[in-house]
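Everything on this sheet refers to the single structure shown next.
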Protein chains: 2
Amino acid sequence: MVTITGVSDASYDRSRCSVAGTLAVVGEKWSLLVLREAFLGVRRFADLQQALGAPKAVLTDRLATLVQEGILRKEPYQADGARQRHEYRLTDKGRDLYPTLVALMQWGDRHLADGPPPLALEHADCGAPVRVSLVCDGGHEVTGPHDVRPRASATTGRTAAVR
Amino acid sequence: MVTITGVSDASYDRSRCSVAGTLAVVGEKWSLLVLREAFLGVRRFADLQQALGAPKAVLTDRLATLVQEGILRKEPYQADGARQRHEYRLTDKGRDLYPTLVALMQWGDRHLADGPPPLALEHADCGAPVRVSLVCDGGHEVTGPHDVRPRASATTGRTAAVR
DNA sequence: ATGCTGGGTTCGCTTGACGAACCGTGCACG
DNA sequence: CGTGCACGGTTCGTCAAGCGAACCCAGCAT
């Protein structure tokens, strides 16, 4: 029996903004890397373990947490001539983390460059490189934080200027 | 003297793709939350500590790491009638993490909703909500991972179909 | 000289990560 | 029939990291 650690049991305030809440769910070590592999099509425990090099106990725990959070789901499968197992697949909720992963990857490609990026993403339709961008609902491209004004909606007013 | 932990000294492979590399830099607990506060304009140690509730020792260590990585820089300042101190400001490299933070926040807003999002971002020019999106250089909007084809550039071939 | 404030450091404890060893179920093969 | 083996874990001992509370130190004000 795995000790399933509840989501917000420790630290990570979450009340100030959703970054903390998201990190409470996927911010532990290996979680986002598990999801990276999931987006690359890796679904089985042994394959994840080999791709990541994470300790089995940790991987077991992360997978259980991600399933509990509805980011992955366990699906049975039958490799021919083997007993029934289950694999881990992304849910819609999990797939919504794709821009986050791409954003992390993009930053690393830009700022940690030891040569060319190890993995490039291209649009399946047209073959052009894929990247994240900030846009507003008015259709404008947002260049950075100086173009953005944060506005607190709850009672805890915090309307700081971003610089 | 703070024990500055080198960036890639432990775990986080980084060779496979840049997600691991980025997490090696900002993936420790509190790092991304420190940056969230930085984007909200918080610059001083005491303010960070109060906003986050992180232990001082951990905060000291994270700030030192972020400075060492060139994501924050220390700037002297003089509060009137007080001795000279220094504050932490984002560098360009740090500001490039903004889309990552927004992506994390957006996922939390969408999937952890207990009522309305605690913090809304709006375009300073037009007031419309700001969000991250995936686009390709051909100008198309990318809806999700199924529209993206990963391609490994290095010798370590890994071209899995994404589903 | 005394106290206060900002920015830390030190200390002892608890939690989490790590790797190696072990377990158990069920198919295949002899 | 029984033995092996592979997958998917669990258990264990060790070691690093996170934690809160207490302490420290420089300098300005009084």
Side-chain angles (χ1 to χ4, degrees), chain A residues 1-13 20 23-24 26-34 37 42-68 72 74-89, chain B residues 1-13 20 23-24 26-34 37 42-68 72 74-89:
Chain A
M1 173 75 180
V2 159
T3 321
I4 297 183
T5 53
V7 116
S8 57
D9 51 347
S11 46
Y12 283 132
D13 183 353
L23 289 175
V26 296
E28 284 168 306
K29 205 170 177 183
W30 299 111
S31 294
L32 284 168
L33 294 176
V34 166
E37 295 302 320
V42 178
R43 298 199 244 270
R44 311 226 271 250
F45 189 95
D47 295 341
L48 284 169
Q49 212 240 315
Q50 188 192 343
L52 297 173
K56 291 168 102 178
V58 177
L59 190 52
T60 303
D61 192 85
R62 291 305 169 273
L63 288 169
T65 302
L66 291 171
V67 167
Q68 185 188 261
L72 298 177
K74 268 176 150 168
E75 292 263 306
Y77 77 97
Q78 70 303 349
D80 50 300
R83 96 194 204 235
Q84 170 155 311
R85 305 254 170 208
H86 51 273
E87 57 189 9
Y88 299 90
R89 287 167 165 267
Chain B
M1 175 72 182
V2 159
T3 321
I4 296 183
T5 53
V7 116
S8 57
D9 51 349
S11 45
Y12 282 132
D13 184 352
L23 289 176
V26 296
E28 284 168 304
K29 205 171 178 183
W30 300 111
S31 294
L32 285 167
L33 295 177
V34 166
E37 295 302 320
V42 179
R43 298 199 244 270
R44 310 226 272 250
F45 188 96
D47 295 341
L48 284 168
Q49 212 240 316
Q50 188 192 344
L52 297 173
K56 291 168 102 177
V58 177
L59 190 53
T60 302
D61 192 85
R62 291 305 168 274
L63 287 169
T65 302
L66 291 171
V67 167
Q68 185 188 263
L72 298 178
K74 268 175 150 168
E75 291 264 305
Y77 76 98
Q78 71 304 350
D80 49 300
R83 95 192 204 240
Q84 169 154 310
R85 306 255 171 206
H86 51 273
E87 57 188 9
Y88 299 90
R89 288 166 165 269

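Each chain gets a letter, A, B and so on, in the order its sequence line appears, and its residues count up from 1. Computed from heavy atoms alone, side chains included, the values below leave out hydrogens, waters and symmetry copies.
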Among [options], the one nearest [X] by side-chain distance:
X     : options                : result
A:T60 : D:dT10, D:dC19, C:dC18 : D:dT10
B:A57 : C:dT10, D:dG9, D:dC19  : C:dT10
A:H86 : D:dG20, D:dG9, C:dC18  : D:dG9
A:K29 : C:dC18, D:dG20, D:dG9  : C:dC18

Under-4.0 Å side-chain N/O to phosphate OP1/OP2 contact, A:K56 with D:dT11: no
Phosphate contact (C:dG16 OP1 or OP2) by A:W30 side-chain N/O below 4.0 Å: no
Between [atom2] on [N] and [atom1] on [X], what's the gap in Å once rounded to a whole number?
X     : N      : atom1 : atom2 : answer
B:L59 : D:dG20 : CG    : C1'   : 14 Å
A:L63 : D:dG8  : CG    : C1'   : 11 Å
B:D47 : C:dG8  : CG    : P     : 13 Å
A:E28 : C:dC18 : CD    : C1'   : 15 Å
A:L48 : D:dG9  : CG    : P     : 11 Å

Non-neighbouring partners of B:R44 that pass side chain to side chain contact (heavy atoms under 4.5 Å, CB included), sequence neighbours left out: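 Once residues adjacent in sequence are excluded, the partners of B:R44 under the side chain to side chain contact (heavy atoms under 4.5 Å, CB included) criterion are B:D47, B:Y77, B:E87.
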CD/B:E75: more than 12 non-hydrogen atoms of other groups inside 6.0 Å: yes
Min side-chain heavy-atom separation [X]-[Y] under 4.5 Å:
X     : Y     : answer
A:L48 : A:L63 : yes
B:L66 : B:V26 : yes
A:K29 : A:V58 : no
A:H86 : A:Y88 : yes

Where do N or O atoms of nucleotides 3-6 of chain C meet protein N or O atoms at under 3.5 Å, pair by pair?
| unit_1 | atom_1 | unit_2 | atom_2 | d |
| --- | --- | --- | --- | --- |
| C:dG6 | O4' | B:R85 | NH2 | 3.4 |

Sugar-phosphate, base or nothing in reach of A:A54, heavy atoms under 4.0 Å: nothing
Overall bend - the helix from C:dA1-D:dT30 to C:dG30-D:dC1, comparing terminal axes fitted on five pairs, nearest 10 degrees: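 That helix has its two terminal axes inclined by roughly 10°.
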Working to the nearest 0.5 Å, report the span between [atom1] of [X] and [atom2] of [Y].
X     : Y     : atom1 : atom2 : answer
A:R43 : A:L72 : CZ    : CG    : 11.5 Å
B:L32 : B:R62 : CG    : CZ    : 11.0 Å
A:E37 : A:L52 : CD    : CG    : 5.0 Å

Of A:V58 and A:Q84, the one whose closest DNA chain C nucleotide lies more 5':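 Residue closer to the 5' terminus by nearest nucleotide: A:V58.
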